[in-house]
Each structure stands twice: as structure tokens, then as C-alpha cells.
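Quick caveat, the model's predicted, so the values are computed rather than measured. Position 1 is the first residue of the sequence; numbering continues from there.
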Amino acid sequence: MSGLALPVWMKTGGAQALAAPTLIILMLGMMVLPLPAFALDLLFSFNIALSIIILMTSLYTVRPLDFMAFPAVLLMSTMLRLSLNVASTRVVLTEGHTGAGAAGQVIEAFGHFLIGGNYTVGIVVFIILTIINFTVVTKGAGRIAEVGARFALDAMPGKQMAIDADLNAGLIGEADARARRLEVSREAEFYGAMDGASKYVRGDAVAGIIVTVVNIVGGFVVGMLQHDMAFDAALKNYTLLAIGDGLVAQIPSLVISIAAGVVVSRVANEQDVGSQLVGQLFAKPQVLGITAIIIGGFGAIPGMPHLPFLMLAALLGFGAKWAQQRIEQKREAAVEEVPPPAAAQEPDEAGWQDVLPVDQLGLEVGFRLIPLVDATQGGDLLKRIKGVRRKFAQDIGFLAPPVHIRDNLELKPGGYRITLKGVEIGTGEAHASQFMAIDPGMVSGPLDGAQTSDPAFGLPAVWIDESQRAHALALGYTVVDASTVVATHLNHLISRHAAELLGRAEVQQLIAHLERDTPKLTEDLVPKLMTLSSLQKVLQNLLSEGVHIRDMRSVVETLCEHAPRVNDPAELTEIVRSVLGRAIVQQLFPAPADLQVLALDAQLERVLMTALQAGGAALEPGLADTLAAQAARAVQRQEQSGLTPVLLVQAPLRALLSRFLRRSLPQLAVLSHAEIPESRNVRINSLIGAQ
């Protein structure tokens, strides 16, 4: 046995891949080759079993995408039924004169037991099943799939923007973003495939009618002309066989059509269809009680069948009582879980333990937002805040302090407050059970809901219910949940206040982190060449202007070179900025195009240089007002053109102008010529101070 080698497809699990080709070959064989009655019985039984398996799978599917193979399964099962119709038609026409069992026991059973041997009843039942399948189930499922495909395609841009927003805010990683993008694409493809596959079922229903008519007419002709059967015997015999054959095919077709409707009509939830039906239809005792009274009233009307109505009313009344008992049991269990209040104690004498340290970062929430931070209630805000801190560390270059979360009854029920060292730096309001639909500036219609604005960036937004989410995405809104709103606001604020979050402890941790790779480099800098406080000041100067400190090795090497002869942290900051110029420009202008910037008029630049050389640390009031007003107008024009507002000046003026313009124009970055890499071209869009 050791000398035998298995085929490659068997080693790699490719045996399952042979299922579809085998089934196709089998269907082609059924269309071409004659089959005995026993083989037809096996295949019809398999067809019925397959339809039941498909229905059960759809009922226990949590999300439509969990059954992504359904469109292909729908096509294969339809072709299997049509192949069986062809094979059974051949047997019916060639052997039908021998009796009702000529085409197998399955067709005979459907022809005799299900319709009582009466071909008139069989025709009526067959037509009714076909109408139900064609005009109700299949048409409805196809319409839902068509609408679902259109909404899925329309919502793709909004969903992609929401994924990008979560990725940029650090709430998800690159792998999660890739998986979510793939899911969005698969959803659109699934509904599109279901829209097309539903046409096969509708065509199958039409083909079933045609095949049945052909079997009746053809069998009647064959029986009378070729086998010399009497008119009434041929009509009854072949009609029963044709109707039995049609019912054997139409019943599985109806079952699979119901499965298609279940898959495309369900809303994604963590429960299967059966659990949703029981949990939502029979969970409210008021509904069951009122229904029991109404049904009991029908049963009390003279002339009505009393027993069925009264039995059903009693059953509904028992269900209402049982549902009420379950609700009371849950309420009592919840009360028992609450610990009893502690006995009042005499307050102890005040001590140093009463002096509580101020939290570096704090998040206070109203009582309605407590479910967002409670993992037992499904809240994921804590997980998102961890993602924000991880993203901050990767982008800025150091680890932000932990965020201490507490409830605050003084806030609005849905309000929250973000604090830095005990001081409020931002507030907002969120609704735990709703979604915020943010208008990115290109939506195609309005939404009904509470108008608000995005707390992080000030964009217009609307609070909507979950039922409006798909519609909002289709209109082009970026839809996020309440946890994402709070986490994004927190991420925006800690990025703006990164300089204040960098304390001595964080600087020491940065040095220790760098010391693992280059111990000699950090040993030469601190404390030999400069103190830890001076290094902290240089790093804070960089962060205050939005410069990341991820490249700590370049920062430390530059300081080691210049710290022996330069003591002023401000001068050291400018030297470090010139070394980090390539990273600074890359941060402001990610695309490798020309740098479209603002600049100072030559005359104004000479005036400022003269004032700076004369020892002036501040600008003359009139000149300052003019400079601020013209800079604001230039920044507005730059932003309206979709460009990053950047002011390019001489190196000696950069720190002065950055400090002066930072308060009124925080979005304006001030660069010096020394920070521009030689490989980047500069194009001046506007001159500030030009007459």
C-alpha cells in the first residue's frame, strides 16, 4: 500500500469540487439516456430531500451571506428538476400504456394517494401550486432580491466611507477593514445573483405547465394511435401520470422558492428565523390576551363552530399567562442581582486617601450611555477606545495615557464630556440605540430625524433609527453608531492635545523604548548633553504644531549633534524640524504632486525680517491685524479649492508666524524653506500682503 499514491485533488480536499461536475453530468445523462422506473424513484426522492435540506438551511441561516452558495444551488436544483421532467416524460410516453406504475412508485403515489386518483382534482391542485409558486412566492422573492441588489449597490460608497472612517480613527485594523470591504462587495454580488437566479424558478414553473400539457396530449395520442387504447382509458391513464409527474416536480420547486424568499427577506440578526418568530410573535402577553378574547368572541357567536374557536382561545390565554410569568421571573431575577444597599456608617476622619489624583484623560457619560461602556450589555466603547489609543501610538509616536471612564449624573442623559487633567476639552451628545448619519457633502436627499452635527469635525448630521440605516447609506451618508461617534471625537481631541499628553513619564518611556535598540545614543543625550525637561519641551513644540515624533532616532541624533552649542529648546525645535522636513511635507502633502502653498509678499517679508532682527518678539498691532485678515482670506480660498492650507516663509520667520497665526487659524501649517525637500516642486497660489 505504501507504493500507491493518491491523486493530488484527493490530498488537497478537492473531492468536494467534483460534486458540481458530477451533478451536471448526471443531469445531461438523464436528458439523453433512458432511465428505469427504480432510478426515477431514487432521483425524485433525492430531489424532494434536497429541497427540504435547502429550506432547513435557509431557516437556520443567521445572515444572507452565510448561505452565499444559494444562487448556484437554486440554479442546480432547477436544472435537476427539469432533467427529471425530461426523463420521466420519456418513460411516461413509452411505458405509460402499461399502467399507473410505469414511471415509478413516486409518481404513482403522487397520482393516486395525494389526489385520490381523480385527474380533475390533480389538474386543479397542480394549477394552484403553480400559481402560488409563480405569482406569489417566486415573484415576491425576486422583487426583494432586485430591490436588495439596488440598495446594496447604492449603499456601497457610504459603507466604504464608513469603513475608511473607522480605519482612520483606529477603531479597526487593516485586516478588519479588508474583511469588511470584502463583505460589502459580497453582499452586492449575492443580491445581484439572487435577482438573476429567481428568474430560473419562474421559468421552471412555466416549463412545468408546458411539460404537463405535453405529457397529457402526447400520451393521449401515443395511447390511442400506437397502443389502441380506448379514449377514456388513455385520457385517465396519461393524465394521472402527467399530473403525478408535475406534482413531484412542483412541490420541491415550491419548497425551494420559499427558501429563497426566507433568505432574501430576512434582516441580519444573531438569531435564526424560528427563534425570531417565536421571540417576537409570542413574547408579549397583551397581544396574546387580546387575541384570545377576540377569538373567544367568535366562538360564542351562534352558528359559528364553537369548539375550534374556544379551544384556540383557551390555548392563547394559556400562552398569555405563561408569557407574563416569564416576564415577572426575569424582573425578579434582575432585582435579586442588585446587591442590597450597605448600612449607613459613620464617616471616617479625613485623610490623605481622600486626595485623589487628577486623571490625565477622562470620559464622563450620562446614564443613558452606560450601556455603551458595559460589555455585559453589548457595549463596545471600551474596545474602540483601546483601538483609538493604539492608532494614536502608531500615528503620533507615543502611547497616550489610559482613559478613565465614569458616569456623571450632572450631564444630560445622553451627554458625555472629555476631560484633560480634570479640565473639559470637549462635550457631545449621543443616543445609544440610534445611528448618526453624517453628511460628507455629497448626499442625494434628506433624512428624517433629529438634526445635529458631528462633534469631531462639525459636519451636519442626523440621528436615525436602525431601520433607516440602509436608506441613509444609499443616499450617500456616512452612518456610524454611538460608540463610533464618541471614539472618533476622543481620537480627534487627543490628537489636538498631544503636546499636553506628553509628560515626563511618557518621555522617559520613549527614551527607554529607544534604548533597547540604540542604548549608546540615548546615553549620550540624556543627561549628558541636555536635561529630560529640555527634551520634553522640544518634543512638545513639535507636537503642538502637529509634527509626529515617530522618528525618535532622527530626533535624538539631531539633538546629540547640536545640543552641545545650542541650549534654547525653541532653536533646537527648528533644527529638528529641518531634519524631519521630508516627513512633515509627506504628512501635509501625501500625493507626489507639486506643493501648492501660500507665501508672503516680498515687501511684507522684509518688514517682518527687519522687525525680527531688531529684537521684536511681537508684531505691531496694525500690521498684525492686516496680516491675520489677509491670511484668513487666503486660507479660505485654499480650502475652497480643496488644497491643504500651508504658508511657506523664510526660516527665521517660521516660529514667529506659526505662534501668531496658530490661535486664529489652527488649520494653517507654517513651513520654512529649509523644511522643503529638494525633490518636491513648489507652486505659490497666493501672496499674503500683496497690494
Ignoring hydrogens and geometry, is there a side-chain-to-backbone donor-acceptor pair from [X] to [Y] under 3.5 Å?
X      : Y      : answer
Glu620 : Gly622 : yes
Gln667 : Glu639 : no
Asp465 : Gln468 : no
Gln508 : Ala505 : no
Tyr477 : Gly445 : yes
Arg417 : Glu364 : no
Arg654 : Leu648 : no

Worked check of side-chain contact (heavy atoms from CB on, under 4.5 Å) between Val365 and Leu411: CA-CA 7 Å; Val365 297; Leu411 297 175; 5.8 Å; no
Any heavy-atom pair between the side chains of [Y] and [X] that's under 4.5 Å?
X      : Y      : answer
Leu608 : Leu623 : yes
Val649 : Leu656 : no
Leu657 : Leu627 : yes
Leu671 : Leu595 : no
Phe589 : Val597 : yes
Arg368 : Ser433 : no
Leu473 : Phe435 : no
Leu372 : Tyr416 : no

Could you tell me the separation between the [atom1] atom of [X] and the [atom2] atom of [Y], rounded to the nearest 0.5 Å?
X      : Y      : atom1 : atom2 : result
Leu369 : Asn408 : CG    : CG    : 11.5 Å
Phe398 : Leu502 : CZ    : CG    : 5.0 Å
Thr626 : Ile688 : OG1   : CD1   : 12.0 Å
Leu687 : Leu600 : CG    : CG    : 8.5 Å
Leu668 : Arg662 : CG    : CZ    : 11.0 Å
Glu605 : Leu612 : CD    : CG    : 11.5 Å

Testing the basics here: between [X] and [Y], what is the closest heavy-atom pair and its distance to 0.1 Å?
X      : Y      : answer
Gln377 : Asp374 : NE2-OD2, 2.8 Å
Ala669 : Leu588 : CB-CD1, 3.9 Å
Arg550 : Asp395 : NH1-O, 2.5 Å
Gly689 : Gln630 : N-OE1, 2.5 Å
Gln638 : Asn685 : OE1-ND2, 3.4 Å
Leu580 : Ser554 : CD2-CB, 4.1 Å

Would you please test Ile494 and Ile396 for side-chain contact (heavy atoms from CB on, under 4.5 Å) and show each step? CA-CA 10 Å; Ile494 64 176; Ile396 306 301; over 6 Å; no
Going through the checks in order, is the side-chain contact (heavy atoms from CB on, under 4.5 Å) test met by Leu539 and Leu535? CA-CA 6 Å; Leu539 297 178; Leu535 176 59; 4.2 Å; yes
Quick check: are there more than 12 heavy atoms from other residues, nucleotides or ligands sitting under 6.0 Å from CZ of Arg496? no
Taking atom NE2 of His513 as the centre, does the number of heavy atoms from other residues, nucleotides or ligands within less than 6.0 Å exceed 12? no
I'd like to know if Asp359 pairs up with Arg406 as an ion pair, taking the criterion as any Lys NZ or Arg NE/NH1/NH2 lying under 4.0 Å from an Asp or Glu carboxylate oxygen. yes
Go through the structure and list residues passing side chain to side chain donor-acceptor pair (under 3.5 Å) with [X], not counting sequence neighbours.
X      : value
Asp594 : none
Arg180 : Asp166
Arg637 : Ser686

Could you go through His673 and Val682, starting from their C-alpha distance and side-chain angles, then the distance that decides it, and tell me whether this counts as side-chain contact (heavy atoms from CB on, under 4.5 Å)? CA-CA 10 Å; His673 291 280; Val682 177; over 6 Å; no
Show, in sequence, the C-alpha distance, side-chain angles and deciding distance for Arg582 and Asp551, and conclude whether the salt bridge (charged side-chain N to carboxylate O under 4.0 Å, His left out) test is met. CA-CA 11 Å; Arg582 188 181 302 275; Asp551 190 8; over 6 Å; no
Answer with yes or no whether the side chains of Ser658 and Glu545 bring together a donor and an acceptor at under 3.5 Å. yes
Is it true that the side chains of Ser544 and Asn541 contain a donor and an acceptor less than 3.5 Å apart? no
Step by step, work out the side-chain hydrogen bond (donor to acceptor under 3.5 Å, both in side chains) result for Thr488 and Asn491. CA-CA 5 Å; Thr488 305; Asn491 178 65; over 6 Å; no
